[in-house]
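All of these numbers come straight from a predicted model, not from anything done at the bench. Labels below follow one simple rule: chain letters A, B, ... track the order of the sequence lines, proteins then strands, and each chain is numbered from 1.
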Number of protein chains: 2
Amino acid sequence: MPATIYDIAKKAGVSIATVSRVFNNSANVSDKAKKKVLAVADEMGYHPQAFAQGLASRKNNTVMIVVPVISNYFFMEVLGGIQDKLSEENYELSIFNISPNKDIQEQVEHVLKRRWAEGYLFISIHLNDKDWSKLQKYNVPITLVDEHYEGFDSVSVDNAQGAYRAAKSLFKNGYQRVAMLSALETSKPIQDRILGYKKALSEFGIAFDKNLVITGDTMYRDGFTERAGYEAMIKILTMDPMPEACFCASDIQAVGALKAMQDTGKQIPIIGYDDIELAEYMGLSTIRQPMRDMGFFATQNLIERMNKPDKAISQTIYTPELITRTSTEVNGKKIDA
Amino acid sequence: MPATIYDIAKKAGVSIATVSRVFNNSANVSDKAKKKVLAVADEMGYHPQAFAQGLASRKNNTVMIVVPVISNYFFMEVLGGIQDKLSEENYELSIFNISPNKDIQEQVEHVLKRRWAEGYLFISIHLNDKDWSKLQKYNVPITLVDEHYEGFDSVSVDNAQGAYRAAKSLFKNGYQRVAMLSALETSKPIQDRILGYKKALSEFGIAFDKNLVITGDTMYRDGFTERAGYEAMIKILTMDPMPEACFCASDIQAVGALKAMQDTGKQIPIIGYDDIELAEYMGLSTIRQPMRDMGFFATQNLIERMNKPDKAISQTIYTPELITRTSTEVNGKKIDA
DNA sequence: CTGAAAGCGCTTACAG
DNA sequence: CTGAAAGCGCTTACAG
């Protein structure tokens, strides 16, 4: 049985209130009492229990991440940013993994009801407006990442704009038949990126051809995998006529696509999406999302709200930028942005 | 103010004990009472608070991961396995990130004292025997991943053996000057991998040359990055005489190394370590660590211990296997394992 | 600066 | 099957 506050109080010859004050750095404790308590606590290996503190104080110093897919590059980078910020603060980190097989809304409400944390970071959770508005009534600090809804603070990237920039640069450099290597169409980021692709098309007066929007067959992780990218690129390279260039919905798919081109010996310029660390080393042109910054900033925003619940709600939207590398070079000549 | 068990009890016309029983699926509740309670709870949006439950029952259904570097490929894969297992069970997941700047032992003890979780997964936490033995006195379920100490359950990979296999296959295929692309030497996995490399050397009667153990200059993430791999490979390729082949301490470094070879136009066979998903798409020969399995199995093991604290301690050690791909092919000929 | 006491929201023998 | 009551380990006005 580990020591409790009562054991320490008794042994130190003070009340439990004093012990509590010592551990909460409360001002009003004599140096003598403080020293004594600390000494006894150290000797008995005492440390306040998080639960009891949480119950008594009605706060628990915990930030919870709610996320659907945990082992994925985008999340990993965002998580890095969250950690960077959290390490400056005194908060514990908890992660709740939303299962794709059960009702999302229900799981999210469950999490909120359990009151596990003081604040929540919802990452890549996409709900409709009605469901989001229901969540507001819980009146708990939530910051959205990779999604936005006017009722909550959010940090996201303009997906349509990113896709638009990628496609536009390809059209601008003279390519006409530009394929889009896509993923699961019910995915919200995909929908937005298709929108951007279409916008670029119409700006250049090119008709939309749905046959040029290709996905792989593997739908694991919504199709955001090397394998799905490989499969899709094989389809693209065997089309007749073959597309002249390709915009990929994610870098990780682009990695598979690059491999497909290598295996078949056919090559067309491609642009990815995300700018994961690897992209630089693959020479992959891509649309950069500031993932780490997003995580950092979202966490900062959340902590501010936790401390000041009535501050104004803010929507932060990053505009992604095009990074050109060798995957869009032709005869050593870079592509124009 | 959210509803409490008292509110529900009053409104449902039962005692709080009955409400509690309903939410704990206790057998002894009449169907009628159960239905009534559930209806009222749903109406008032009630759900038991995790804290209060934890305090009263002295368990909290939480598994905590303790890990030094959170955004890294190895951890991401292991995490995937943990999630796979946890999603079958009814546990919450918490993550504690050990800061590299503070004393590790102290942080670990802090975590244990706070009693945040019922069971802990220590991932890539390396302590000396004395510190590990100190941790035993907390008498709490802990499973080690990527480390082993006889006092705890553990799931690890034989790093020396893996490195040995990689280096051996290179020597066996006729290469004499085989460089090792290394990382921070105080890292325990690195030490073990160097040991394996040396073992292969001596088996083939080749003298150890410390100038052939090369690291990059970037020591961010202990040197397990593309950049560090790139830097190190550049050094290797400019050595005179140039090494004939290279064993890399991780796939992620190997990715950088591949890029270095591409940029310089020089090429030697290389073998990585880990077999991250990407390796297949890069054609990278590598030593496969069953990362996902390790996470899955460690979690399973931990849960078993949580349910049965006195079960025998078990050490699981995987032997990594060599996967040969194009990065070790010469003129289309595969390397022998 | 300090202590007695109430209270946080649950669980769980115990008695019926 | 059900309820009254004690207890989990803390925090925090309140009074001194």
Side-chain angles (χ1 to χ4, degrees), chain A residues 1-38 40-41 44-62 90 92 110 112-118 140, chain B residues 1-38 40-41 44-62 90 92 110 112-118 140:
Chain A
M1 283 290 96
T4 70
I5 201 171
Y6 295 98
D7 303 322
I8 307 304
K10 183 180 286 177
K11 196 148 183 178
V14 297
S15 73
I16 61 164
T18 296
V19 177
S20 173
R21 286 186 187 107
V22 168
F23 276 93
N24 289 296
N25 291 315
S26 177
N28 300 324
V29 187
S30 67
D31 256 22
K32 192 181 152 204
K34 190 167 180 174
K35 268 191 193 118
K36 181 71 182 163
V37 167
L38 252 18
V40 173
M44 304 185 71
Y46 169 79
H47 203 101
Q49 278 195 36
F51 280 147
Q53 285 188 309
L55 181 57
S57 69
R58 282 175 237 54
K59 41 186 197 164
N60 59 28
N61 272 63
T62 299
N90 208 342
E92 314 274 348
H110 169 85
L112 261 24
K113 280 182 188 164
R114 290 228 78 185
R115 327 200 124 249
W116 250 112
E118 279 180 70
V140 67
Chain B
M1 283 292 95
T4 70
I5 201 171
Y6 295 98
D7 303 324
I8 307 303
K10 184 180 288 178
K11 195 148 184 176
V14 298
S15 74
I16 61 164
T18 296
V19 177
S20 173
R21 286 187 187 107
V22 168
F23 277 92
N24 289 296
N25 292 314
S26 177
N28 299 324
V29 188
S30 67
D31 256 23
K32 194 181 152 202
K34 190 167 181 174
K35 267 189 192 122
K36 181 71 181 164
V37 166
L38 252 18
V40 172
M44 303 186 72
Y46 170 78
H47 203 100
Q49 279 194 34
F51 281 148
Q53 286 188 309
L55 181 57
S57 68
R58 282 174 237 56
K59 40 187 196 162
N60 59 29
N61 272 64
T62 299
N90 208 342
E92 315 274 348
H110 171 85
L112 261 25
K113 280 183 188 166
R114 291 229 76 187
R115 326 199 123 247
W116 249 112
E118 278 181 71
V140 67

Exercise for the section: With DNA chain D as reference, determine whether A:Ser57 or B:Asp31 sits nearer its 5' end, using the nearest nucleotide of each. Expected result: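 Looking at the nearest nucleotide for each, B:Asp31 comes out on the 5' side.
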
Rounded to the nearest Å, what distance is computed from the [atom1] atom of residue [X] to the [atom2] atom of nucleotide [N]?
X       : N      : atom1 : atom2 : answer
A:Ile16 : C:dA4  : CD1   : P     : 9 Å
B:Asn60 : D:dC8  : CG    : C1'   : 13 Å
B:Lys10 : D:dT2  : NZ    : C1'   : 19 Å
A:Leu55 : D:dC10 : CG    : P     : 12 Å
B:Lys32 : D:dT2  : NZ    : P     : 9 Å
A:Asn28 : C:dG3  : CG    : C1'   : 13 Å

Exercise for the section: Report the base-pairing partner of D:dC1 (Watson-Crick or G-U wobble, both distances below 3.5 angstrom), or none. Expected result: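 The base-pairing partner of D:dC1, which may sit in any strand shown, is C:dG16.
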
Practice task
Pick base, sugar-phosphate or nothing for B:Tyr46, based on heavy-atom distances below 4.0 Å to the nucleic acid.
Solution key: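 Sugar-phosphate only.
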
Handout entry: Nucleotide nearest A:Arg58 when distance is taken to its side chain, options C:dT11, C:dG3, C:dC8
Key =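 So the side chain of A:Arg58 is nearest to C:dC8.
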
Practice task
Output the single nucleotide from D:dC10, C:dG3, C:dC10 whose closest atom is nearest the side chain of A:Thr4.
Solution key: D:dC10

Practice task
Report yes if a donor N or O on one partner sits less than 3.5 Å from an acceptor N or O on the other, where the partners are the side chain of B:Arg21 and the base of D:dG3; otherwise report no.
Solution key: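 Yes, the side chain and the base share a sub-3.5 Å donor-acceptor pair.
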
Exercise for the section: Could you check whether the rings of B:Phe51 and B:Trp116 sit parallel, tilted or perpendicular, using 30° and 60° as the cut-offs? Expected result: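 Tilted, since the angle between the ring planes falls between 30° and 60°.
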
Problem - C:dC1 to C:dA5 separation - P atoms, rounded to the nearest Å - result: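 Approximately 24 Å lies between the P atom of C:dC1 and that of C:dA5.
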
Practice task
Could you give the distance separating D:dC10 and D:dC14 at their P atoms, to the nearest angstrom?
Solution key: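 D:dC14 and D:dC10 have their P atoms separated by 24 Å.
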
Handout entry: Of A:Tyr6 and A:Gly13, the one whose closest DNA chain C nucleotide lies more 5'
Key =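 Its nearest nucleotide lies further toward 5', so the answer is A:Gly13.
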
Exercise for the section: Measure the CD-CD distance between B:Glu118 and B:Glu92 for me, rounded to the nearest 0.5 Å. Expected result: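 Interatomic distance, B:Glu118 CD to B:Glu92 CD, rounded to 0.5 Å: 11.0 Å.
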
